Amino acid sequence: AAAGANAVFAMVYLGILPGMYLLIREAGYSAWVIAAIIMVVTSCDIGAYIPGRFLGKRKLIEWLSPGKTWEGLVGGMLFAGLWAVVFTLIGNHLVPERAIATLYALPAGMLLGFLGQVGDLVASLLKRAAGVKDWAATIPGFGGVMDVADSALIVAPVAYWLITLAPAA
């Protein structure tokens with residue numbers, strides 16, 4: 001039963017979740033939109049560093065990811081939201097017929113940043129359960145990609161719905 005559950009989980013985690021990015025393309029959005037989503041998610045990690053490092057007092061989930069703090073999470077979410085606004089402004093300028101309301105981008109980016117952190121924590125939980133420090137040592141050639149992509153996987157379905165339901169500018 002455990003092997004079957006693991007197989008289903010792997011199919012969802014590595015098959016269905018990234019497949020949502022294909023649905024974004026199928027909806028008529030360019031690969032640049034997908035790149036922007038991934039950059040917004042990644043920017044949360046970047047934006048979490050300084051507030052987490054210098055202001056971080058309260059650990060998010062110490063036993064799972066001891067370096068993450070609530071202060072870093074908030075800073076990262078704000079940074080992700082700001083980048084979502086920047087990418088929306090650029091996209092609205094380049095493709096005005098598909099312009100999205102700019103005010104929608106801030107909370108959408110913050111949500112994507114938050115979910116990216118959830119994805120990172122889920123990956124940490126999986127690695128902890130498997131007894132590995134990082135995927136690169138476990139899956140040579142592919143594991144390093146997983147250490148970077150874990151955040152973007154969880155975000156994909158929400159990003160699809162946020163984009164397809166986004167209010168026009």
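Keep in mind the model is a prediction, meaning the values are calculated, not measured.
In plain terms, the two heavy atoms of Leu121 and Leu60 that are nearest each other are CD1-CD2, 4.0 Å. Here the closest non-hydrogen pair linking Asn92 and Ala99 is OD1-CA, 3.1 Å. Closest approach of Ser151 to Asp45, counting heavy atoms only: OG-OD2, 4.3 Å. Shown here for Gly113 and Ala80, the closest heavy-atom pair between the two residues is CA-CB, 4.0 Å. When all heavy atoms of Thr69 and Gly52 are compared, the closest pair comes out as OG1-CA, 3.5 Å. Between Ile100 and Ala166, the closest heavy-atom pair is CG2-CB, 3.7 Å.
Of the options Val41, Asp120, Val155, a side-chain contact (heavy atoms from CB on, under 4.5 Å) to Leu115 is made by Val155 and by none of the others.
The closest donor-acceptor contact from the side chain of Tyr21 to the backbone of Ala152 lies under 3.5 Å. Remark: the backbone N or O of Cys44 is not paired with any side-chain donor or acceptor of Gln117 at under 3.5 angstrom. Between the Ser43 side chain and the Val40 main chain, a donor and an acceptor come within less than 3.5 Å of each other. With hydrogens and angles ignored, the 3.5 Å screen pairs no side-chain donor or acceptor of Ser65 with any backbone N or O of Gly67. Listed for the Arg53 side chain is no donor-acceptor partner under 3.5 Å among the backbone atoms of Gly72. Remark: side-chain polar atoms of Tyr104 are paired, donor with acceptor, to backbone N or O of Leu162 under 3.5 angstrom.
Note that the CE atom of Met110 and the CG atom of Leu82 stand 8.5 Å from one another [nearest 0.5 Å]. Taken from CZ in Phe54 to CD in Glu71, the straight-line distance is 14.0 Å, to the nearest 0.5 Å. With rounding to the nearest 0.5 angstrom, the CH2 atom of Trp161 is 9.0 Å from the CG atom of Leu23. Between the CD1 atom of Ile46 and the CE atom of Met39 there is a distance of 10.5 Å, given to the nearest 0.5 Å.
Looking at heavy atoms from C-beta onward, Lys68 lies out of side-chain contact with Ile61 at the 4.5 angstrom threshold. Counting heavy atoms from C-beta on, the side chains of Leu89 and Val85 come closer than 4.5 Å. Inter-residue side-chain proximity for Trp70 and Lys57 is flagged as unmet; no heavy-atom pair is nearer than 4.5 Å. Here the side chains of Asp150 and Val122 are not in contact, with every heavy-atom distance at 4.5 Å or above. Taking the side chain as every heavy atom from C-beta outward, Leu153 and Pro18 approach each other to under 4.5 Å. Taking 4.5 Å as the limit, some side-chain heavy atom of Phe114 sits within range of a side-chain heavy atom of Leu73.
No chain of hydrophobic side-chain contacts below 4.5 Å, direct or via other Ile, Leu, Val, Met, Phe, Trp or Tyr residues, connects Ile34 to Leu22. No single ILVMFWY cluster, assembled from side-chain heavy atoms under 4.5 Å apart, contains both Leu112 and Trp32. If you chain together hydrophobic residues whose side chains sit under 4.5 Å apart, Ile50 and Met77 never meet in one group. Criterion: ILVMFWY side-chain heavy atoms under 4.5 Å apart, direct or through other members. Under it, Leu103 and Leu165 are not part of a common hydrophobic cluster.
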Ile163 vs Ile37, test: side chain to side chain contact (heavy atoms under 4.5 Å, CB included). Steps then yes/no.
CA-CA 10 Å; Ile163 287 175; Ile37 292 166; 3.4 Å; yes
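The number of heavy atoms from other shown groups lying within 6.0 Å of CG (Leu94) is above 12.
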